[in-house]
J.: 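First the structure, which I've put down as structure tokens, then a few questions once you've had a look.
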Amino acid sequence: MMCSLWRGSLLTLTSSLNRRVFQCCRQLGRSYNIASCMPEAVAFQGVSDHSGLYKFSVNESDRFWGAVARQRLSWISPFHTVQNCDFSQGKIKWFEGGKLNVSVNCLDRHVQTCPERVALIWERDEPGTEVKITYRQLLELTCRLGNLLKRQGVRRGDCVTIYMPPCPLAVASMLACARIGAAHNVVFAGFSSEALADRIRDAQSSTVITVNQGVRGGKVVDLKRTVDQAVQNCPSVQQVLVAMRTENTVAMTDRDVPLEEEMMKEDVVCEPVAMDSEDVLFLLYTSGSTGKPKGLVHTQAGYLLYTSLTHRYVFNYHDGDVFGCVADIGWITGHSYIVYGPLCNGGTTVLFESTPVYPNPGRYWEMVERLGINQFYGAPTAIRLLLKYGDEWVQNYNRSSLKTLGSVGEPINTEAWEWYHRVVGDGRCPVVDTWWQTETGGICIAPRPSDPEAEIVPGMAMRPFYGIKPALLDTEVVTGDGVLALCYNQYCPLNCATPLLGFFFTGDGAHRSKEGYYQIVGRLDDVINVSGHRLGTAELEDVVNQCPGVAESAAIGYSHDIKGEGECLPKTRSGKIMRRVLRKVVERNTDELGDLSTLDDPDSVHEVISGHRRLCGDGKQQ
Ligand code: 6R9
């Protein structure tokens, strides 16, 4: 059986991991001073280094977050209470009494200081056709769109559904909602009309914003047609604003509004609405790797502060850097680290429209060279895919601009981590494996920030961010099992959705090393139990992935390892392996595969089912 077979190697791997520690950070010099990193820290008594700052952030949480919020956000009126939270009652309130506008924080204040700085680099599908949008231009687009939305009857408190690929008008749409006090509900522009209709109905949107067609990997996709089908079953929808991504005309109905044409009639000034800290900023669905996708809500001040602070410190982002997060804006990673975090910091952020292999597997690195990207943030699934194509695709391009490499979405296996570090980063860029969730809205555990020379262990998220105090609960408390569950028992300005026994329960399992570093071992519902030994999927996959010829693997309970080419594994559109589907296949419960609406390639399920049949025969479970 797979699990007992692998246990020996697993233990060996874990201990060798701990020895192979990378020191991959440049020293700041002998005069390292915490206040030079975070100016607010001057006022925090007794804080002289990173670990002091972290301790202060959890022990003196009110003072920490109060100072940071006053320093980093522009308030229309100040808050009177930093936090008012009680997990046991599900009450989480931050910066009560405060009023602000998120779009002002992301745009107007930067237009005042540096109007011609590039806010967005739209990296369009075809390499070499990028479009740059300055802060001044983005504010104008946002204001025109805000005015158009108001003209179309959108009011404070309404929720607008956005079904668009990454493009400047999608960002302007999000910010226009924030400007006029409406919430947005971005739906990944690859979802079916049924999935889109579900999300429109949930949000009760009267307005949908879309494009005529999308372009990705050289293919044209009729997004407007998908919207047309979806809105047939959405009585709330009164109008669909249609932007033109391609020059091809699409059939327009009475309900449809040509977006560019109508917004050009609007004024470039749009008065920002003063929003309460805890008013809703957006709705967003999870990617559905662990069950039916659920809709979550994030609010204004805490979310903006937390994403901007993590963007600044986890990635060591500085003014003038070009930040390249290659996620889609339809996921939380896109919301937090393409749009809100970078723009709140006055950063330059890349909007990537293409795929990692279009027109060839060198795309990311050719883009890094052409745009001079300083921080690159991607997903393990793409790293594993590119690793398979070999080093030359990377080495063909100049990557000397890179300073930090980030990973998000799944555990990054050691092989992929080392390739990312050694080949992509030439061994000189810290790799930050960032652990977080749609629920948290921002990065919770990552190797940085830390003291400048602090170690980074491959494939380990390691250190909790300021204000985060993870707790590893023996899940006996939770499920009657004996695994550790990752929870928080410290409040920070996050939207923590499911309070449980006074904790926020994440659903993930983790180990803590004697140094206090965290290693995520995978989802608890995926953890494999062999003769009472509990093994995380990440640990098993880490070993399997080291076998030559295995590009990717998914470990699931029930005795057989499903190996094979990456294309065969069922994955969500955000690139996460849907282990729950694999489990049903090996359990032969293929009638109960559950919600597959977020699956990237439904054919992969058929391939796995027939592969499993070939392997095991049609007979009984082995
Ligand atoms: C940001 C995002 C959340 C789930 C999370 C966990 C997994 C994300 C990870 C990771 C190990 C990492 N996950 N980052 N697991 N190491 N660095 O992905 O949000 O789509 O809501 O998924 O993804 O299982 O609970 P979301």
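Counting starts at 1 for both ligands and their atoms, in listed order.
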J.: Any idea how Tyr303 and Tyr340 line up, ring-wise: parallel (<30°), tilted (30 to 60°), or perpendicular (>60°)?
T.: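 If you compare the ring of Tyr303 with that of Tyr340, the planes turn out perpendicular.
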J.: Between Tyr466 and Val68, is the side chain to side chain contact (heavy atoms under 4.5 Å, CB included) condition met? List the steps.
T.: CA-CA 11 Å; Tyr466 304 129; Val68 173; over 6 Å; no
J.: Going by the closest heavy atom to atom 14 (N) of ligand 1, which one wins out of Ala510, Ala461, Gly409, Ala446?
T.: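 Going through Ala510, Ala461, Gly409, Ala446 one by one, Gly409 has the nearest heavy atom to atom 14 (N) of ligand 1.
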J.: Taking the side chain from Tyr54 and the backbone from Ile468, do they hold a donor-acceptor pair closer than 3.5 Å?
T.: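 Side chain of Tyr54 to backbone of Ile468, a donor-acceptor pair under 3.5 Å: yes, one is there.
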J.: Step through it carefully: locate the ring centre of Phe352, locate the ring centre of Tyr364, and say whether they are under 6.0 Å apart.
T.: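 When the ring centroids of Phe352 and Tyr364 are compared, they turn out to be within the sub-6.0 Å range.
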J.: Using a heavy-atom cut-off of under 4.0 Å, does the side chain or the backbone of Lys576 touch ligand 1, or both, or neither?
T.: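 Under 4.0 Å from ligand 1, Lys576 contributes side-chain atoms alone.
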J.: Using a 4.0 Å cutoff against the non-hydrogen atoms of Ile520, which atoms of ligand 1 qualify?
T.: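 Taking each heavy atom of Ile520 in turn, ligand 1 has 11 (C) under 4.0 Å.
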J.: What part of Gln437, side chain, backbone, both or neither, has a heavy atom within less than 4.0 angstrom of ligand 1?
T.: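 Both of them.
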J.: Please answer whether the main-chain N or O of Lys403 pairs with a side-chain N or O of Gln375 as donor and acceptor at a distance below 3.5 Å.
T.: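 No, Gln375 side chain to Lys403 backbone: no donor-acceptor pair under 3.5 Å.
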J.: Which ligand 1 atoms, with their elements, are less than 4.0 angstrom from a heavy-atom of Val408?
T.: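 Matching atoms, with element in brackets: 1 (C).
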J.: Only heavy atoms count here, so choose which of Asp433, Leu284, Ile412, Thr438 is nearest to atom 19 (O) of ligand 1.
T.: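 That would be Thr438.
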J.: Can you sort out which atoms of ligand 1 are near Arg523, meaning under 4.0 Å from one of its heavy atoms?
T.: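 By the 4.0 Å cutoff, the relevant atoms are 5 (C), 24 (O), 25 (O).
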J.: Is the shortest distance from a heavy atom of Gly507 to ligand 1 less than 4.0 Å?
T.: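 It does not, in that no heavy atom of Gly507 comes within the 4.0 Å cut-off of ligand 1.
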J.: Can you say whether the rings of Tyr337 and Tyr377 are parallel (under 30°), tilted (30 to 60°) or perpendicular (over 60°)?
T.: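 Geometry flag for Tyr377 against Tyr337: perpendicular rings.
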J.: Closer than 4.0 Å to some heavy atom of Ile332 - which atoms of ligand 1 meet that?
T.: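 Near Ile332, meaning under 4.0 Å from one of its heavy atoms, ligand 1 has 1 (C), 19 (O).
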J.: For the residue pair Arg216 and Thr355, establish whether any side-chain heavy-atom pair is separated by less than 4.5 Å.
T.: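 Of all side-chain heavy-atom pairs linking Thr355 with Arg216, at least one is under 4.5 Å.
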